[in-house]
Amino acid sequence: MTTLIVIDQAPYGSWTGREALDMVFSLAAFDQPAALLFIGAGVNWLRKSQDAGGIGQKTVEKNLAAAPVFGVEQILAEQSACERFRLGEEDRLSGVELIPSVRDALDRFEHIVFAG
């Protein structure tokens with residue numbers, strides 16, 4: 001049974017998303033199947049070549065790149081949010097699966113945790 005962690009907040013300005021990322025990595029590290037879903041402003045986590053140095057934080061790109069190493073099964077993104085935030089395929093991290101319907105994606109998982 002895979003647990004879905006949903007992140008709907010931008011990657012900087014709050015620690016909520018990073019805590020959710022820690023949660024998904026912890027689940028996966030203990031052989032608990034886990035997946036991530038980015039919706040709304042949360043899709044900005046998936047933007048390539050971020051520079052968070054100006055606000056004194058590390059970029060989230062490296063953290064997300066480690067997801068397959070930790071055993072995170074899927075990284076999903078709301079297609080309409082990617083379009084709204086102009087996050088095309090060339091701008092997104094590789095390995096992200098776009099989903100046309102958040103409801104349909106939520107229905108695929110028994111355990112769902114919303115960050116924030």
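Counting from 1, the numbers follow the sequence of the chain as shown. Computed over heavy atoms, backbone and side chain alike; hydrogens, waters and symmetry mates excluded.
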Partner residues of S101 under the side-chain contact (heavy atoms from CB on, under 4.5 Å) criterion, sequence neighbours left out:
R103, D104
With T2, which residues qualify under side-chain hydrogen bond (donor to acceptor under 3.5 Å, both in side chains), at least two apart?
E73
What distance separates T3 OG1 from F109 CZ, expressed to the nearest 0.5 Å?
9.5 Å
Verify side-chain contact (heavy atoms from CB on, under 4.5 Å) between L46 and D91, making sure each step is shown before the conclusion.
CA-CA 8 Å; L46 305 172; D91 304 310; over 6 Å; no
What's the separation between atom CD1 in I75 and atom CG in L64, rounded to the nearest 0.5 Å?
5.5 Å
Determine, using the 4.5 Å side-chain heavy-atom cutoff (strictly less than), whether F70 and I5 are members of one ILVMFWY cluster.
yes
Report the C-alpha distance between F38 and L76 in whole Å, list the side-chain angles of each, state the deciding distance to 0.1 Å, and finish with yes or no for side-chain contact (heavy atoms from CB on, under 4.5 Å).
CA-CA 6 Å; F38 294 89; L76 310 169; over 6 Å; no
Side-chain donor or acceptor of W45 paired with backbone N/O of Q9 under 3.5 Å
yes
Between the main-chain N or O of R47 and the side-chain N or O of R92, is there a donor-acceptor pair closer than 3.5 Å?
no
Atom CD in E78, atom CD in E83: separation rounded to 0.5 Å?
9.5 Å
For the student: nearest non-hydrogen atoms of G71 and A28, plus distance
C-CB, 3.9 Å
List the steps, then state whether side-chain contact (heavy atoms from CB on, under 4.5 Å) holds for L36 with L21.
CA-CA 8 Å; L36 285 164; L21 197 61; 3.8 Å; yes
L98 and C82, any side-chain heavy atoms less than 4.5 Å apart
yes
Apply side-chain contact (heavy atoms from CB on, under 4.5 Å) to residues Q74 and R108 and explain how you reach the verdict.
CA-CA 12 Å; Q74 294 175 296; R108 297 188 324 202; 3.7 Å; yes
Kindly indicate whether the side chain of L4, heavy atoms from C-beta on, has any atom under 4.5 Å from the side chain of V113.
no
What I'd like to find out is whether the side chain of L106 reaches to under 4.5 Å of the side chain of V6, using heavy atoms alone.
yes
